[in-house]
Amino acid sequence: MEESKKIIFSGIQPSGELTIGNYLGAIKNWVKLQDEFDCFFCVVDLHAITVRQEPKLLRQRTLELLAIYIAAGIDPEKNTLFIQSHVPAHSEAAWLLNCYTYFGELGRMTQFKDKSKRFGDNIAAGLFDYPVLMAADILLYQADLVPVGVDQKQHLELTRDIAERFNKLYSPTFKVPDGYIPENGAKIMDLQDPSKKMSKSADNANGFILIMDSPDVIRKKISRAVTDSLGAVKFSDEQPGVKNLMSILSTVTGMSYSDIEKKYEGQGYAGFKNDVAEALVEELTPIQNRVNELLKDKAYLETIYKAGAEKANYISQKTLRKMQKKIGFIPLSK
Ligand code: TRP
């Protein structure tokens with residue numbers, strides 16, 4: 001049975017506090033995949049150090065992200081949940097794949113171009129190389145499908161190119177993965193500037209809501225969210241702020257856009273905003289409580305990440321050995 005399921009790999013960086021964009025756009029959808037697919041969900045701490053991290057915060061955020069995965073409903077028994085740095089094959093495979101990736105290809109990555117502008121003189125080589133590590137993550141598990149947001153599509157294309165190149169040069173080694181963009185994988189926008197994706201690095205803290213924000217903060221931020229002067233709850237490109245609030249409400253409650261339009265017809269924004277806030281509070285409160293409980297039980301979290309690392313190590317080593325053998329390295333043991 002297990003063998004016939006398609007394999008899914010995805011990961012999130014523990015590089016900051018997560019927003020409802022990460023939750024509604026990614027994690028909430030992962031929860032729905034766990035019965036149909038064989039899923040690997042990774043806390044990608046090796047990716048996080050491409051920009052400087054405070055060691056204590058990195059440790060906290062790594063465990064918190066694992067706790068969020070579990071609290072959101074990703075069952076650690078059904079899925080493989082693990083921490084990337086516990087599985088050395090990721091770093092090793094990244095080095096190998098580096099030698100099959102071109103400088104020019106990496107230079108064309110728009111995320112690198114954007115980030116390197118932001119970090120000016122202090123651009124680590126790892127930031128340039130980051131997509132190769134991501135390719136290693138995916139290819140080591142022979143993933144069929146990779147749920148990613150649009151901002152990661154270019155990295156996934158590169159992963160496919162690297163896999164095809166290696167397969168052609170030697171012989172079939174890697175599954176060439178496809179992107180998996182779930183139907184209702186909402187892209188949540190900034191509440192103050194709905195032309196931008198919601199991000200915790202936004203200048204205005206009212207632009208984003210964190211998964212761990214308190215009910216009062218959530219209510220305040222939703223009530224201050226930018227709308228427009230049309231005063232009608234309609235899903236239209238002319239009303240990006242309202243559209244964004246509607247997609248939050250729809251993703252949380254499952255209501256369709258036309259249901260939402262009907263419900264608020266002839267009303268202003270106050271009641272609508274109030275309902276968006278309450279729906280979010282209702283969705284997030286149990287998750288927050290569970291995260292806090294889990295973070296108090298470090299021993300439990302340890303059993304989860306140890307079991308995850310064991311499984312991930314076993315699978316990734318098999319692919320790594322294949323790579324080494326094809327490249328021409330002498331095996332230490334047969
Ligand atoms: N690069 C991704 C991001 O920043 C995170 C990531 C790392 C990832 N490895 C991955 C996503 C493998 C999917 C599959 O969002």
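Atoms within a ligand are numbered from 1 in the order they appear, just like the ligands themselves.
Interface atoms of ligand 1 facing Val148, defined by a heavy-atom separation under 4.0 Å, are 13 (C). Taking every heavy atom of Val44 and a limit of under 4.0 angstrom, the matching atoms of ligand 1 come to 7 (C), 9 (N). Residue contact check: Gln13 has heavy atoms under 4.0 Å from atoms 4 (O) of ligand 1.
Here the protein heavy atom with the shortest distance to atom 4 (O) of ligand 1 is Tyr130 OH, 2.6 Å. Closest to atom 9 (N) of ligand 1 among all protein heavy atoms lies Asp137 OD2, 2.7 Å. Here the heavy atom of the protein found nearest to atom 5 (C) of ligand 1 is Gly11 O, 3.6 Å.
For atom 7 (C) of ligand 1, the candidate residues are Gln111, His90, His47; the nearest heavy-atom contact is made by His47.
In this pair, Tyr305 and His86 present their aromatic rings tilted. The plane angle is within the 30 to 60° band. Classification of the Phe128-Phe112 ring pair by plane angle, with boundaries at 30° and 60°, yields perpendicular. Ring geometry for Tyr100 versus Phe166: interplanar angle over 60°, hence perpendicular rather than tilted (30 to 60°). Between Tyr180 and Phe37, the ring-plane angle classifies as perpendicular under the 30° and 60° cut-offs.
With a 4.0 Å cut-off on non-hydrogen atoms, His155 does not touch ligand 1 at all. Contact annotation for Val146 and ligand 1: only side-chain heavy atoms (C-beta onward) come within less than 4.0 Å of the ligand. Neither the backbone nor the side chain of Ile12 comes within 4.0 Å of ligand 1, counting heavy atoms alone. Contacts with ligand 1 closer than 4.0 Å are made by no heavy atom of Asp151, backbone or side chain.
For the residue pair Asp228/Tyr269, the side-chain donor-acceptor check at 3.5 Å is satisfied. Under the 3.5 Å distance criterion, with hydrogens and angles disregarded, no donor-acceptor pair is assigned to the side chains of Tyr69 and Asn79.
A heavy-atom distance below 4.5 Å is not found between the side chains of Thr50 and Leu133.
Close N/O approach between Ser10 and ligand 1 is not found [any backbone or side-chain N/O within under 3.5 Å].
Taking the charged nitrogens against the carboxylate oxygens, Glu54 and Arg59 have no contact shorter than 4.0 Å, which rules out a salt bridge.
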